[in-house]
Amino acid sequence: MQEQFEATLARGDRIEPRDWMPDDYRATLVRQIAQHAHSEIIGMQPEGAWISRAPSLRRKATLLAKVQDEAGHGLYLYSAAETLGTSRGELTEKLLAGRQKYSSIFAYPTPSYADVGTIGWLVDGAAICNQVPLCRTSYGPYGRAMIRVCKEESFHQRQGFELLMTMMQGTDEQRAMVQESVDRFWWPALMMFGPPDADSPNTARSMAWGIKRDTNDDLRQKFVDMTVPQAERLGVRLPDDGLVWNEARGHHDFTPPDWDELAAVVRGDGPCSAERLAHRRRAHEDGAWVREAALAFAARAEADRAG
Ligand code: 3HC
């Protein structure tokens with residue numbers, strides 16, 4: 001069985017739910033997919049807070065659609081995790097008990113409307129860099145979910161860029177709002193890719209299994225290289241004096257973010273960590289009656305069929 005698993009990976013084929021897989025491969029997938037699903041759901045909060053305050057009907061409709069897309073992404077991902085023998089309820093309980101994580105980026109506040117644009121541009125831009133390679137991940141249901149997620153993330157990234165471009169063509173005050181937001185989000189966006197490769201306990205094994213296709217540092221570099229010309233186009237400054245093109249490497253050099261800060265956020269000590277989890281807990285409890293009603297309906301339908 002192990003041989004067949006290895007041979008499937010060596011051929012570049014996918015592992016499917018009914019295939020035999022090592023326990024550690026399954027556990028790693030559940031960990032990563034659950035964390036990813038939780039990130040999508042918790043990620044609705046920072047931007048959702050702006051829906052009722054969007055400055056026009058068009059901006060409101062776009063933001064509403066975007067936040068709903070995040071809910072959809074969470075659901076595809078929970079479904080992918082269910083194919084590994086774990087339920088959405090179980091994963092949610094683990095998140096609420098602090099036993100599973102969500103992306104560090106969503107532990108930061110969104111005090112300015114420009115943050116809606118910056119999240120679209122930088123955060124969804126980083127998410128695309130990380131997730132496009134995951135369309136080729138070795139586990140079938142995860143890779144297939146990623147295809148649709150990435151298409152929608154591209155729309156999210158463009159709406160963010162367009163929002164910021166509109167603000168940059170506005171007043172001095174609007175341009176200052178964009179710059180202030182980019183100054184706050186640049187470093188947390190770099191942290192989204194995880195710790196440096198040398199301090200990433202999971203990367204080597206996840207790469208060997210084809211779960212991850214690139215290392216954290218490679219994806220971070222790709223994101224920086226992709227973002228610099230976009231920042232120039234927008235006319236915003238990325239807040240790093242060490243950000244320079246390195247001709248010999250064919251890449252930009254840049255200052256690493258504060259890894260101690262990432263570690264603290266991952267531990268649950270981010271600026272909004274407690275608030276995000278409390279909100280998620282409240283929403284879960286408020287939805288209890290829906291889950292009970294759905295179960296009662298299913299039981300009655302089953303009894304009707306049997307009787
Ligand atoms: N935030 C929170 N935790 C993080 C993190 C981050 N930015 N980066 C790393 N970690 C955690 C890891 O989960 C791991 O903890 P664990 O072993 O207890 O689970 C630990 O820190 C060590 O990190 P590793 O590099 O060894 O972990 P991974 O190999 O799993 O790599 C990852 C981390 C690159 C985030 C990888 O899990 C991944 O690619 N995940 C899928 C994508 C994802 O989850 N993205 C989240 C953002 S979703 C999003 O952006 C929504 C969009 O709509 C905006």
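One-based numbering, in listed order, for ligands and for the atoms of each. Positions are given from 1 along the sequence. Quantities reported herein were computed from a predicted structural model and do not represent experimental measurements.
In summary, the atoms of ligand 1 found under 4.0 Å from a heavy atom of F193, numbered by their order in the structure, are 34 (C). Per-residue contacts place M192 under 4.0 angstrom from the following atoms of ligand 1 (heavy atoms of the residue considered): 7 (N), 50 (O). Annotation for ligand 1: atoms under 4.0 Å from non-hydrogen atoms of E70 are 52 (C), 53 (O). Counting atoms of ligand 1 from 1 in the listed order, those under 4.0 Å from a heavy atom of A127 are 50 (O). Of all atoms in ligand 1, listed by their number and element, those nearer than 4.0 Å to a heavy atom of M191 are 7 (N). For ligand 1, the atoms lying closer than 4.0 Å to a non-hydrogen atom of N216 are 25 (O), 34 (C). Per-residue contacts place D124 under 4.0 angstrom from the following atoms of ligand 1 (heavy atoms of the residue considered): 52 (C), 53 (O), 54 (C). Per-residue contacts place F106 under 4.0 angstrom from the following atoms of ligand 1 (heavy atoms of the residue considered): 51 (C), 54 (C).
With 3.5 Å as the limit, one finds a donor-acceptor pair spanning the side chains of Q2 and E6. Defined by atom type and a distance below 3.5 Å, a donor-acceptor pair is missing between the side-chain atoms of T203 and D197. A side-chain donor from one of D225 and Q221 sits under 3.5 Å from a side-chain acceptor of the other. A donor-acceptor contact under 3.5 angstrom links the side chains of N246 and D253, judged on distance only. Judged purely by distance below 3.5 Å, without hydrogens or angles, the side chains of T8 and D13 never pair a donor atom with an acceptor atom. Between the side chains of T83 and Y142, no donor-acceptor pair is found at a separation under 3.5 Å. A side-chain donor-acceptor contact under 3.5 Å links E247 and W245.
Atom 21 (O) of ligand 1 has as its closest protein heavy atom V266 CG1, 4.2 Å. Looking from atom 38 (C) of ligand 1 to the surrounding protein, the closest heavy atom is Q32 NE2, 3.6 Å. The nearest protein atom to atom 24 (P) of ligand 1, hydrogens excluded, is given as S200 OG, 3.3 Å; this is a heavy-atom distance. Protein heavy atom nearest atom 52 (C) of ligand 1, with residue, atom name and distance: E153 OE2, 3.3 Å. Here the protein heavy atom with the shortest distance to atom 47 (C) of ligand 1 is S103 CB, 3.7 Å. Looking at atom 33 (C) of ligand 1, its nearest protein heavy atom turns out to be K212 NZ, 4.2 Å. In this structure, atom 8 (N) of ligand 1 lies nearest to the protein heavy atom G194 CA, 3.2 Å. Atom 42 (C) of ligand 1 has N130 OD1, 3.1 Å as its closest protein atom, hydrogens excluded (heavy atom only).
Within the 4.5 Å cutoff, the side chain of V123 has heavy atoms near those of the M192 side chain.
Using a 4.0 Å cut-off between heavy atoms, I105 makes no contact with ligand 1 at all. Using a 4.0 Å cut-off between heavy atoms, H73 makes no contact with ligand 1 at all. At a heavy-atom distance under 4.0 Å, atoms from both the backbone and the side chain of N202 approach ligand 1. Looking at K101 against ligand 1, only its side chain comes within 4.0 Å, counting heavy atoms.
Residue contacts with ligand 1 include P195, since one or more of its heavy atoms lies under 4.0 Å from the ligand. Taking 4.0 Å as the cut-off, Q131 counts as a neighbour of ligand 1 on heavy-atom distance. Heavy-atom separations between G43 and ligand 1 are all 4.0 Å or longer.
Separation of the F193 and F223 ring centroids falls under the 6.0 Å cut-off. Between H38 and Y78, the ring center distance clears the sub-6.0 Å criterion.
Residues passing the salt bridge (charged side-chain N to carboxylate O under 4.0 Å, His left out) test with D269, sequence neighbours excluded: R267.
For the side-chain contact (heavy atoms from CB on, under 4.5 Å) with L77, the lone residue among L91, I41, I33 that qualifies is I33.
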Is there a salt bridge (charged side-chain N to carboxylate O under 4.0 Å, His left out) between R184 and D115 once you walk through the steps?
CA-CA 9 Å; R184 270 186 293 111; D115 294 342; 2.8 Å; yes

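Between E162 and R59, at least one side-chain nitrogen of the basic residue sits less than 4.0 Å from a carboxylate oxygen of the acidic one, meeting the salt-bridge criterion.
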